[in-house]
Amino acid sequence: MRLKEQLNRAIADAYAKAGIEATPISVNEAGKPEFGDYQYNGAMALAKQLKQAPREIAERIVASLDSPLIAKAEIAGPGFINLHLSDVALSAAAQEARSDERLGVALKHEPIVAVVDYSGPNMAKEMHVGHLRSTIIGDALANMLEFLGDEVIRQNHIGDWGTQFGMLIAYLEELGEAQTDSLRDLEAFYRAAKQRFDEDSAFADKAREYVVKIQSGDARCLALWRRVINISLGHCEEVYEKLGVSLTREDVRAESFYNEHLPEIVQTLKTQGVATESEGAQCVFFGEDEAPLIVQKADGGYLYATTDLAALWYRANVLHAKRISYVVDARQSQHFKQVFATARKAGLVGEDVLLEHIAFGTMTDKNGKPFKTREGGTVKLIDLLNEAIVRAKEAIKKSGEYDEAEIETIAKTIGIGAVKYADLSMRRDMNYVFDWEKMLSFEGNTALYMQYAYARIRSILRKYGKAPEGEIIVTDALEHRLLVQLLRFEDTLLEAAQKAMPSYITSYLYELATLFMKFYEHNPILKEGVDEKVRQSRLQLADLSAKTIKLGLGLLGIETVERL
RNA sequence: GCACUCGUAGCUCAGCUGGAUAGAGCACCCGCCUUCUAAGCGGGCGGUCUCAGGUUCGAAUCCUGACGGGUGUACCA
């Protein structure tokens with residue numbers, strides 16, 4: 001239910017009715033339960049304009065306020081309007097939501113094609129913990145947009161093109177082409193190849209020559225290259241599978257895919273005068289103090305920026321995207337700013353296409369330094385995930401009796417859930433220090449808290465065994481708050497999707513689960529002595545809570561289990 | 001040098017389309033399992049929201065500056 005939209009409309013109507021000629025501001029969620037559910041703070045700002053006391057203005061607004069959603073509007077302090085929502089209206093909406101697969105969340109009226117570019121691992125190395133953020137934030141964003149009705153095209157812009165591949169295939173050839181087993185540990189393979197490259201100049205020359213050969217389409221080199229890419233992609237898919245990320249091979253649109261378009265991109269930029277030559281390279285300039293965007297090197301080679309421009313053109317003109325979101329580390333802000341500006345200037349994307357860099361902070365080590373692949377201190381992503389599952393297993397064994405299969409499922413669900421939640425629950429623009437304990441914690445505000453709340457509810461519903469029915473009757477303030485929180489789901493989701501902020505969802509879910517836990521402690525459901533109508537009502541509140549938690553976590557890519 | 005970003009409780013973080021006594025988790029102290037899962041609930045402790053100005057009826061939130069951390073800054077991706 002779009003609560004804010006409805007309340008804002010009610011306020012706008014009240015303005016019109018009261019003859020107030022001004023654009024109302026938006027209602028806010030109330031800071032404290034005593035202040036109602038929502039508050040409207042627009043009266044104070046009007047005082048000067050209307051030359052009237054703010055409380056009097058508030059009274060005029062309240063007198064004209066007429067909405068079935070609002071049970072009571074009170075004026076407080078200097079002119080706050082505290083809105084108390086109607087339990088009758090909310091109950092009806094909640095019942096509707098409960099019987100709807102989408103929990104009452106409307107599909108967009110005008111869906112668009114939205115491209116989400118995320119994960120983008122380098123094929124020369126294994127994924128490490130630094131790749132976690134792009135992968136799971138991007139996946140969450142894609143899921144949210146898709147759920148809201150957009151046609152989402154996931155794009156995994158893998159790094160499969162560049163100088164390292166000459167080195168890798170030269171080394172693979174040297175080992176003997178049958179030796180693909182040695183690629184199983186890609187990190188070790190990379191290190192060994194690098195060592196050969198650094199120590200033997202003849203080998204280095206061959207590696208460089210192979211780069212050219214791949215790019216010019218030499219069949220044998222291409223075959224070797226494809227072998228490396230395939231195995232490397234297999235590693236990634238293993239991680240995606242374990243992580244529960246929705247990316248598939250269909251979503252891969254590698255750097256090499258754009259290779260053939262690069263010359264025409266540069267040509268276009270040159271023809272339009274967007275790119276000019278400087279020190280032999282083709283550059284796009286922005287300002288005195290700003291380094292240019294180089295689109296073609298002095299030696300004729302193309303760069304990262306060129307590929308991104310080609311990708312942008314492709315996404316806007318072939319895929320017809322109207323929103324293109326790059327989920328990439330904040331360190332590349334300037335790069336994207338320049339690439340977007342260049343694409344616009346050259347008309348590679350239309351004015352009506354939203355280009356956004358969904359920047360996220362860097363994951364660092366304890367010294368505040370970003371993880372580096374070649375420094376040995378890197379944690380492989382697959383190792384983190386496996387460790388999470390092991391620790392989850394230990395925690396499970398302490399707390400209950402499960403059979404073997406159940407242990408596997410539950411450990412994976414809560415272990416992976418913990419890792420993803422630890423990351424998603426923080427604002428994405430924050431840097432943070434990688435910490436095993438934090439990633440693998442099961443206490444407090446973690447995925448497990450929500451998963452536990454979910455399992456508790458499912459247990460009650462299982463025990464009851466039938467579908468609850470009848471009205472939802474609010475018997476106390478706690479139930480009212482739970483009900484309001486449940487109906488705030490759509491507003492939260494809309495904002496999270498619009499701003500690409502998965503942490504809005506985690507905050508929401510934590511609050512919801514907290515309210516449910518309190519409700520659970522204080523308001524018995526199946527116990528003796530509970531009035532039958534109240535029981536039916538509470539069962540429904542519990543049911544919708546479970547469904548909302550499951551859906552919300554699901555959009556974040558976090559699973560639930562029926563029993564914990 | 002220039003640009004971007006962050007600076008909130010001992011630690012990790014919410015809150016930042018300006019609003020009423022600034023919220024969680026962890027840690028620490030106390031209480032609650034003979035009835036729906038104690039991975040939980042209740043209570044306590046803990047803050048000059050980095051600092052200084054400004055805008056405003058009202059600033060953790062907006063603007064300017066300083067300080068501190070991180071990052072980027074011409075042919076890597």
Side-chain angles (χ1 to χ4, degrees), chain A residues 25-26 28 30-32 34-35 39 41-42 44-45 47-48 54 76-80 82 120 122 124 157 159 161-164 255 278-283 285 287-299 301-305 307-308 329-335 337 359 361-362 364 368-370 395-396 398-400 414 422 425-427 429-433 435 437-438 441-446 448-449 451-453 455-464 495 503-504 506-507 510-511 514 517-518 520-530 535 538-539 542 563-564:
Chain A
I25 60 171
S26 174
N28 283 329
K32 292 184 189 302
E34 309 92 85
F35 299 151
Q39 51 180 274
N41 303 327
M44 277 92 77
K48 220 172 245 177
F80 296 108
N82 293 334
N122 189 324
H157 192 78
W161 209 237
T163 46
Q164 315 109 309
E255 282 179 342
S278 169
E279 294 173 32
Q282 290 299 325
C283 303
F285 287 92
E288 289 289 301
D289 301 330
E290 200 171 333
L293 183 73
I294 300 177
V295 295
Q296 188 174 22
K297 296 194 279 186
D299 69 4
Y302 301 105
L303 300 109
Y304 179 41
T307 307
D308 270 341
D329 193 299
R331 282 173 292 181
Q332 293 187 37
S333 298
Q334 190 182 24
H335 167 78
K337 201 185 103 202
T362 308
T364 71
K369 294 267 154 50
I396 292 168
K398 267 184 249 164
S399 78
I414 69 178
S425 60
M426 233 178 328
R427 285 183 69 94
D429 37 18
M430 297 280 281
N431 282 356
Y432 75 93
V433 177
D435 177 13
E437 298 313 315
K438 188 177 163 191
S441 163
F442 298 126
E443 287 181 333
N445 185 4
T446 62
L448 183 61
Y449 186 80
Q451 289 165 329
Y452 184 56
R456 278 181 143 183
I457 299 170
R458 296 300 302 159
S459 166
I460 292 172
L461 295 173
R462 249 194 325 274
K463 227 160 245 172
Y464 183 69
E495 208 172 335
S503 62
Y504 290 0
T506 59
S507 294
Y510 184 60
E511 208 172 314
T514 302
M517 289 292 198
K518 288 180 184 169
Y520 178 93
E521 295 287 336
H522 301 294
N523 300 23
I525 299 174
L526 299 181
K527 293 179 184 178
E528 273 179 45
V530 178
R535 174 173 296 149
R538 289 180 179 169
L539 280 165
R563 196 174 87 98
L564 259 178

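Numbers restart at 1 for each chain; the letters A, B, ... are given by sequence-line order, proteins then strands.
For the pair A:Asn122 and A:Gly159, the tightest heavy-atom approach, listed with the atom from each and the gap, is OD1-O, 3.5 Å. Nearest heavy-atom pair across A:Ile460 and A:Leu526 is O-CD1, 3.6 Å. Nearest heavy atom pair, residue A:Trp161 against residue A:Glu255, reads O-OE1, 3.4 Å. Scanning all heavy atoms of the two residues, the minimum distance from A:Thr362 to A:Asn431 falls at N-OD1, 2.8 Å. Of all non-hydrogen atoms in A:Ala47 and A:Pro54, the two that sit nearest each other are CB-CD, 3.9 Å.
B:A20 and B:A59 are spaced 14 Å apart, taking the C1' atom of each and rounding to whole Å. B:A9 and B:G65 have their C1' atoms separated by 28 Å, with the value rounded to a whole Å. With both ends at atom P, the span from B:G58 to B:G53 equals 16 Å, rounded to whole Å. Comparing the C1' positions of B:G54 and B:A77 gives an interatomic distance of 44 Å, to the nearest angstrom. Here the separation of B:C75 from B:A52, taken at their C1' atoms, is 44 Å to the nearest Å. Separating the C1' atom of B:C16 from that of B:A74 is a span of 37 Å, rounded to the nearest Å. Taking the C1' atom of each, B:U37 and B:A14 are spaced 28 Å apart, rounded to whole Å. For the C1' atom pair drawn from B:G40 and B:C62, the interatomic distance equals 41 Å after rounding to whole Å.
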What's touching nucleotides 61-63 of chain B from the protein side, N or O pairs under 3.5 Å?
none

Nucleotides 22-27 of chain B: which of its N/O atoms have a protein N/O under 3.5 Å away?
| unit_1 | atom_1 | unit_2 | atom_2 | d |
| --- | --- | --- | --- | --- |
| B:G23 | OP1 | A:Lys32 | NZ | 2.8 |
| B:A24 | O2' | A:Tyr510 | OH | 3.3 |

Between the protein and nucleotides 7-15 of chain B, list the N/O to N/O atom pairs that are separated by less than 3.5 angstrom.
| unit_1 | atom_1 | unit_2 | atom_2 | d |
| --- | --- | --- | --- | --- |
| B:U12 | O2' | A:Lys438 | NZ | 3.2 |
| B:A14 | OP1 | A:Arg427 | N | 2.7 |
| B:G15 | OP1 | A:Arg427 | NH1 | 3.4 |
| B:G15 | OP2 | A:Arg427 | NH1 | 3.2 |

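Taking a cutoff of 4.0 Å between a charged side-chain nitrogen and a carboxylate oxygen, A:Glu279 and A:Lys297 do not qualify as a salt bridge.
B:U71 is paired with B:A3 under the Watson-Crick or G-U wobble criterion, all donor-acceptor distances under 3.5 Å. Under the Watson-Crick and G-U wobble criteria, each requiring two contacts below 3.5 Å, nucleotide B:C11 is paired to B:G25. The nucleotide B:C62 finds its pairing partner in B:G54, both defining distances of the Watson-Crick or G-U wobble pair being shorter than 3.5 Å. Within the shown strands, B:C41 is the pairing partner of B:G31 under the Watson-Crick or G-U definition, both distances less than 3.5 Å. Of the nucleotides present, none pairs with B:C76 by Watson-Crick or G-U wobble criteria with both distances under 3.5 Å.
Contacts of A:Lys337 with the nucleic acid, taken as non-hydrogen atoms under 4.0 Å apart, are absent. A:Thr163 comes within 4.0 angstrom of no nucleic acid atom, judged by non-hydrogen atoms across all strands. As judged by a 4.0 angstrom heavy-atom cut-off over every strand, A:Ala291 is placed among residues touching the sugar-phosphate backbone only. Nucleic acid contact class of A:Glu255 (heavy atoms, under 4.0 Å, all strands): sugar-phosphate only. Within the 4.0 angstrom heavy-atom criterion, base atoms lie near A:Gln39. Residue contacts shown for A:Ala76 include a base, since a base heavy atom lies under 4.0 Å away.
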Would A:Gln332 and A:Tyr304 count as a side-chain hydrogen bond (donor to acceptor under 3.5 Å, both in side chains) if you check the C-alpha gap in whole Å, the side-chain angles of each, and the deciding distance to 0.1 Å? CA-CA 12 Å; A:Gln332 293 187 37; A:Tyr304 179 41; 2.4 Å; yes

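Between the side chain of A:Asn41 and the main chain of A:Phe80, no donor-acceptor pair closer than 3.5 Å is present. A donor-acceptor pair under 3.5 Å is formed between the side chain of A:Ser507 and the backbone N or O of A:Ser503. In this structure, the side chain of A:Thr514 engages the main chain of A:Tyr510 through a donor-acceptor pair within 3.5 Å. Between the side chain of A:Arg563 and the backbone N or O of A:Arg456 there is no donor-acceptor pair closer than 3.5 Å. Checking side-chain atoms of A:Asn28 against main-chain N and O of A:Ala30 turns up no donor-acceptor pair under 3.5 Å.
Here the side chains of A:Met517 and A:Tyr452 are in contact, with some heavy-atom distance below 4.5 Å.
Closest approach to the A:Glu34 side chain among B:U21, B:U56, B:C75 is made by B:U21 (side chain taken as heavy atoms from C-beta onward). For A:Ser459, the side-chain atoms get nearest to B:U37 when compared with the rest of B:C41, B:U37, B:C75. Residue A:Tyr452 places its side chain closer to B:A39 than to any other of B:A77, B:A39, B:A20. Each of B:G42, B:C75, B:A20 was ranked by its minimum atom distance to the side chain of A:Phe80; first place goes to B:A20. Comparing B:U17, B:U37, B:U71 by their closest approach to the side chain of A:Asn28 singles out B:U17. Considering only the side chain of A:Gln334, B:U73 comes nearest among B:U37, B:U73, B:A77.
Each of A:Phe35 and A:His335 was assigned the nucleotide of RNA chain B with the nearest heavy atom; the assignment lying further toward the 5' end belongs to A:Phe35. Judged by closest nucleotide on RNA chain B, A:Arg456 is the one of A:Arg456 and A:Asp329 placed further toward the 5' end.
Regarding contacts with the backbone of B:C76, a side-chain N or O of A:Lys297 is found under 4.0 angstrom from either OP1 or OP2.
A glycosidic torsion no more than 90° from 0 defines the syn conformation, and B:C33 adopts it.
A donor-acceptor contact under 3.5 Å is not formed by the side chain of A:Asp308 with the base of B:A77.
Here A:Lys32 contributes atom NZ and A:Gln39 contributes atom CD; the two are 11.0 Å apart, rounded to the nearest 0.5 Å.
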